[in-house]
Structures are given as C-alpha cells and as structure tokens.
There are 2 protein chains.
Amino acid sequence: MSIALDPKKNHLLAALPEAEWQRWRPQLEPVEMPLGEVLSESDRILDHVYFPLTAIVSLLYVMEDGASAEIAVVGNEGVVGVSLFMGGETTPSRAVVQSAGVGVRLKAQVMMDEFHRAGPVMHLLLRYTQALITQMVQTAACNRHHSLDQQLCRWLLLSLDRLEGRDLVMTQELIANLLGVSREGVTEAALALQEAGLIRYAQGQITVLDRPGLEQRSCECYAVVKKECDRLLPNSLAM
Amino acid sequence: MSIALDPKKNHLLAALPEAEWQRWRPQLEPVEMPLGEVLSESDRILDHVYFPLTAIVSLLYVMEDGASAEIAVVGNEGVVGVSLFMGGETTPSRAVVQSAGVGVRLKAQVMMDEFHRAGPVMHLLLRYTQALITQMVQTAACNRHHSLDQQLCRWLLLSLDRLEGRDLVMTQELIANLLGVSREGVTEAALALQEAGLIRYAQGQITVLDRPGLEQRSCECYAVVKKECDRLLPNSLAM
DNA sequence: CGTACAATGTGCGACACCGTACAGATGAAC
DNA sequence: GTTCATCTGTACGGTGTCGCACATTGTACG
C-alpha cells in the first residue's frame, strides 16, 4: 500500500483554511499504521498527533487486570492526541491501530503552537473533540444497556464508515478484545448476523452485505453518534 | 439553605486570575439547585452555564426507551455546559441535579466571550473538560467490566468528594436510576456495604462510616479519576 | 501433501443482574 | 394514633454473558 496518499483524505486537514494548510503541509509526515501499533500509551506524553487517512485507531482503556474496553474510534474524520491541546498532555488511555492503513502525523509542538493561535484550527479541533466526547458518552451508555449483538452491529457500522469498501480485516478474537467481551460471545453474535444475511465472514475477513439491515439491528447508539458527527463536523464521514 | 454562598467555593471560579474574577463577579447569578432540577435537556441550547457550589449535578444519557446511564458527575470542582465553549452548543445528554444545593450561573454569551479571549480562562476550562473526559472514559470501562457492588462504591466516593460531611441524601431508587441498574440490585449491594460496616443508611439518608474501606472495595475507576482530577485541576477536590 | 497453527463453532455450568411480586418498615399528614 | 405514601428487604424464575473445554475448519508453509 502506498504511503503517500493525499493528506486531505483526512477531513480535519481538508477543512483547514488555505493559510493553515500551506503552513502545515511541509510538516506533515506520512506514516504507515500497521495493525496493532500503539500510537500512544496510557499516561505517556505524545510526541506526535496522528491524522489517519485509511487506518482506523481504537482508543482503549486497559484495566489493571488487563481487560480492556474500547472508548472510541478515530478514522479519517479525526485525529489521535486531543489531550495535547486540551492541556493535559496525557490521558489514561491507549491508542491502538485497529485497522491497518496509512496516516500523517505532526510534531506535538507544532500542533500545540497552531492550536494556541486560537484561530479556526482551534475551533475545528474543539468541535472534533466534542464529537469524540459524544462517542465516549454513547459507548458508556451502550456498555450499560445494550446486548452484545447490538453492540457488534454498532461497531461494524462505525468501522465501515471509516473505511472504503465494505470489507473489514478483523478476527473475532480481536473484536472481542476491543469490545471487552468474550470471543465466544462474538462468534455467536456474528453467526446470528450471518444467518440473517447481514454479513459474510471467514478467517478474519468480514464483508457487510446489508448495511441498512445492520443499522436496523444496531442500537440507537450508532445513529446518535453519526448524527452528532455530521452536525459538528461538516462532511465528517462522507466519502 | 442560604443561596448567597461565596462563589469561590467553586474551584474553577477560585482559580480565576484576579482580572477575570473582577469581570465575572457582577455577572454571576446565585441559584438554588433543587433535587431533580434539569439544568440542560438533551440537544437543547443552553442559556447558562452552571457552577455548582454545594450541589452535585449528574450528566445522564437517556435512551429512547427511557433507560438512563450516568456519564459523569459535576460538583464544585467543575462547570455544567462545556459543550457551549467546545463549539457544539448542545450535547445529546441531560444534566440533572443529583444532590440539592446551591450554585451560581453565568449567561451563555458571557461565557463564550470569555472563552474566546483565549487566555487563562480558556486553558482552565479545557483542562477541566479533559478531566471530565477522563470521567466519561472511566464510566464506559466501568460499565463494561465492574460489578454493581464496585460501581456503587465508586459512585458513593465520587459523591462524597463533592459534598461537605459524610452524609448523602439519596434513595436507593434514585441511585439505581442514575447508575442505570435495578433498584433491587442497589438494595442488595447497599446491604452488603452496611453489613461490612462501610456505610449506614435509612430512608434516603446514607452515612459513610469507613471511607478507606469503600476505597478498597471500589474498583480502580475511582482512583484513576481522582488522580487525573488532581493532576489536571490543582486543588480540584480538596475542601 | 501433510503438518502446524490460526480462526471459528459448540456445549455447558456458573454467575450476575433483571423483572416481577410482594412484604415489612419508616416517616409525614391529618 | 391512624392512614398513607415512600423506602427498603426478600424471593424466584428468566436471561445474557462468561469461562472452560474441545471439535472443526481453513490457511500457510515446509
């Protein structure tokens, strides 16, 4: 896969005013983002912020006993590392590449400086952060009230929105780890979805056959997040 | 209860530089915050931001079927209405007074103007927002992995930190609604805590007898949130 | 090919929590 | 003091998920 994709595939970068774009452009460094790569570790200061282009990143909270829970996902609609400009510099969560691809990154200091100009970049980033908050809130509520089945649908849709095509490369084991549920549970739920004709899968490759069907079977959480993203980030997940 | 408490009981207000403080002071309007009052409804534009002084506010997500889940709590360490300055103006969640008390409020426009000066106020508010994000993240993880028992401990501690004294006025029914669990479940968990000598309660009045005991029985989530609050907000929950 | 490993399917007991139903206990109002 | 509403305790079947054990299927690679 070529690493030199157009950075404007990332919607935040695409939304930059011309002046900022010209300033940032030479500083943007293309990076491969292979499956499983840890972009930022819990409580560690980031050296870069990452703008995914084709990759998807999971924000995970990892508990003391090793169990984990996905808090939010970041694709080409967003950026990894909001804690940098929020002022805290670190977060108690981990950012892991969930779906391999490419992205571009920017030195932390550059990002901070740009943010502190307090111009349109700042407002863009803050709006994005609010969209991210919405996703976190919805995850919390979803974890409390919805079935594994519904959550799997939500998760597939969130991932699908951030990918081209309708295929995800993703084993059930991995999904289970991200969602913080048992692998067997995912197997059962996935089987049900396959029997319903909504997806087809084999050996770590999932194909979505009936997207509207998935949306219907998903809990409301997906729609709420999608709607907020669209509202807060013009062109957020349109491809 | 007197409504005219010192606004500096709120730690964000207390942390304001002198110039800002003098500017804000005349605009701060004392308000009663009775139990159950809804400060902001889902997807509705706020007309004020609220700084609790003795009250505690719950941020809730209310699902389509009426079930709810607490996302975070805000006491005198924070402010209700961060979406205003984040740029989104609304959020898909509801803010409800969980423990009656007093607070002060500020007109939304005033808050926006102050934020857009891009000075110390902005940085203070952004750091607070990050602390709030931490709480949300932890809630999501906690909802996924921890027992009702542990969550009740966490919840009691979070509330206790935001109150003077060691008594909460709070029925089990109300706690159940906030946590998004069944009332019977809370009864059982509370009973266990009482039998362990950690709390005593009757008819909507809970007294914490053994705080360290609660901390030990709680999941890690409480400690993580507390630590982040302390780190991000000097003097956050010290009374 | 055949072996090794990864991915998926299945069965089952354990367990936490739910929802319903109802019973006692307490406090406020008259 | 009696009444009534609110709050709390208890019992029990139903359900979803877990954790374990193991069978099966697909894929890579010698």
Side-chain angles (χ1 to χ4, degrees), chain A residues 35-36 63 65-70 98-100 141-156 167-196 198-207 217-219, chain B residues 35-36 63 65-70 99-100 141-156 167-196 198-207 217 219:
Chain A
L35 180 63
M63 324 217 81
D65 67 359
S68 63
E70 188 177 78
Q98 172 213 103
S99 176
C142 197
N143 280 350
R144 156 90 27 235
H145 289 293
H146 296 141
S147 69
L148 205 167
D149 214 89
Q150 292 177 300
Q151 292 185 40
L152 179 58
C153 291
R154 172 180 66 95
W155 189 89
L156 288 171
D167 296 306
L168 334 190
V169 176
M170 182 69 50
T171 66
Q172 298 182 358
E173 174 100 40
L174 189 40
I175 297 177
N177 277 315
L178 293 175
L179 290 180
V181 299
S182 73
R183 199 270 309 160
E184 294 87 337
V186 174
T187 298
E188 224 173 327
L191 217 86
L193 294 186
Q194 179 156 279
E195 277 160 11
L198 304 179
I199 63 175
R200 173 162 35 86
Y201 64 93
Q203 303 298 115
Q205 174 103 4
I206 307 176
T207 305
R217 188 153 178 160
S218 164
C219 46
Chain B
L35 179 64
M63 325 216 81
D65 69 358
S68 63
E70 189 177 78
S99 175
C142 196
N143 280 351
R144 156 93 22 239
H145 289 293
H146 296 142
S147 70
L148 205 167
D149 214 87
Q150 293 177 300
Q151 292 186 40
L152 179 58
C153 291
R154 170 180 69 94
W155 190 89
L156 288 170
D167 297 305
L168 334 190
V169 175
M170 183 67 51
T171 66
Q172 298 182 356
E173 173 99 42
L174 190 40
I175 296 177
N177 276 314
L178 293 177
L179 290 180
V181 299
S182 74
R183 200 267 311 158
E184 294 85 343
V186 174
T187 298
E188 224 173 327
L191 227 105
L193 295 185
Q194 178 155 277
E195 276 160 12
L198 303 180
I199 64 173
R200 172 161 37 83
Y201 64 92
Q203 302 296 116
Q205 174 104 3
I206 307 176
T207 305
R217 188 152 179 160
C219 46

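These numbers were taken from a predicted model, which means no experiment stands behind them. Chain A is the first sequence line, chain B the second, and so forth, proteins listed ahead of strands; every chain is numbered from 1.
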Open item on the list: I need the CG-C1' distance between B:Leu35 and D:dC7, as an integer number of Å.
Closed with: 15 Å

Task: Heavy-atom check, side chain of B:Ile175 versus side chain of B:Ile206, under 4.5 Å - done: yes

Open item on the list: Is any side-chain heavy atom of A:Asp167 closer than 4.5 Å to one of A:Tyr201?
Closed with: no

Task: Boundaries of the chain A footprint along DNA chain C (any atom under 4.0 Å from a heavy atom) - done: C:dA7 to C:dT10

- [ ] Calculate the interatomic distance between B:Leu193 atom CG and D:dG9 atom P; express it in whole Å.
- [x] 12 Å

Task: Spacing between B:Gln205 atom CD and D:dC7 atom P, to the nearest angstrom - done: 13 Å

Task: First encountered from the 5' end of DNA chain D, between B:Glu195 and A:Val186 - done: B:Glu195

- [ ] Write down the atom of A:Leu35, the atom of A:Gln98, and the distance for their closest heavy-atom approach.
- [x] CD1-O, 3.2 Å

TODO: Determine the contact category for B:Glu184: base if any of its heavy atoms lies under 4.0 Å from a base atom, sugar-phosphate if only primed atoms, P, OP1 or OP2 are that close, otherwise nothing.
DONE: base

TODO: May I ask you to list the residues of residues 171-180 of chain B, by number, that have any heavy atom positioned under 4.0 Å from an atom of DNA chain D?
DONE: B:Thr171, B:Gln172

Open item on the list: How many whole angstroms separate atom CG of A:Asp149 from atom C1' of D:dT17?
Closed with: 12 Å

Open item on the list: I'd like to know if the side chain of A:Gln151 and the backbone of A:His146 have a donor-acceptor N/O pair within less than 3.5 Å.
Closed with: yes

TODO: Kindly say if A:Tyr201 contacts the phosphate of D:dT25, meaning a side-chain N or O under 4.0 Å from OP1 or OP2.
DONE: no

Task: B:Ile199 CD1 - D:dT8 C1' separation (whole Å) - done: 13 Å

- [ ] Compare every heavy atom of A:Asp149 with every heavy atom of A:Ala192, then report the nearest pair and how far apart it is.
- [x] CB-OD1, 4.2 Å

Open item on the list: Would the distance check show the side chain of A:Arg144 and the main-chain N or O of B:Leu179 forming a donor-acceptor pair, the cut-off being under 3.5 Å?
Closed with: yes

Task: Closest non-hydrogen atom pair, A:Trp155 against A:Leu168 - done: CZ3-CD1, 4.1 Å

TODO: Identify the heavy atoms of B:Asn177 and B:Ser68 that sit nearest to each other, and give their distance.
DONE: O-OG, 2.9 Å

Task: Protein-nucleotide distance (A:Gln151, atom CD; D:dG16, atom P), rounded to Å - done: 14 Å

Task: Spatial distance of atom CZ (A:Arg217) from atom CZ (A:Arg154) [nearest 0.5 Å] - done: 15.5 Å

Task: Closest-nucleotide 5' rank along DNA chain D - winner of A:Gln203 and A:Ser182 - done: A:Ser182

Task: Angle of first-five versus last-five pair axes in the helix from C:dC1-D:dG30 to C:dC30-D:dG1, to 10 degrees - done: 30°

- [ ] Rounded off to whole Å, could you give me the CG-to-C1' distance for the A:Asp65 and D:dC18 pair?
- [x] 14 Å

Open item on the list: Assuming nearest nucleotide by heavy-atom distance, tell me which of A:Arg144 and A:Met170 is located more 5' along DNA chain C.
Closed with: A:Met170

Task: Distance-minimising heavy-atom pair for A:Leu148 and A:Ala189 - done: CD2-CB, 4.0 Å

Open item on the list: Please report the distance, rounded to the nearest Å, between CD in B:Glu188 and C1' in D:dT10.
Closed with: 9 Å

TODO: Report the distance from atom CG of B:Leu156 to atom CG of B:Leu193, rounding to the nearest 0.5 Å.
DONE: 7.0 Å

Open item on the list: For the CD atom on A:Glu188, are there more than 12 heavy atoms of other groups (residues, nucleotides or ligands in this structure) within a distance under 6.0 Å?
Closed with: no

Open item on the list: Looking at the base of D:dG9, is there any donor atom on it, or on the side chain of B:Arg183, that sits under 3.5 Å from an acceptor on the other one?
Closed with: yes

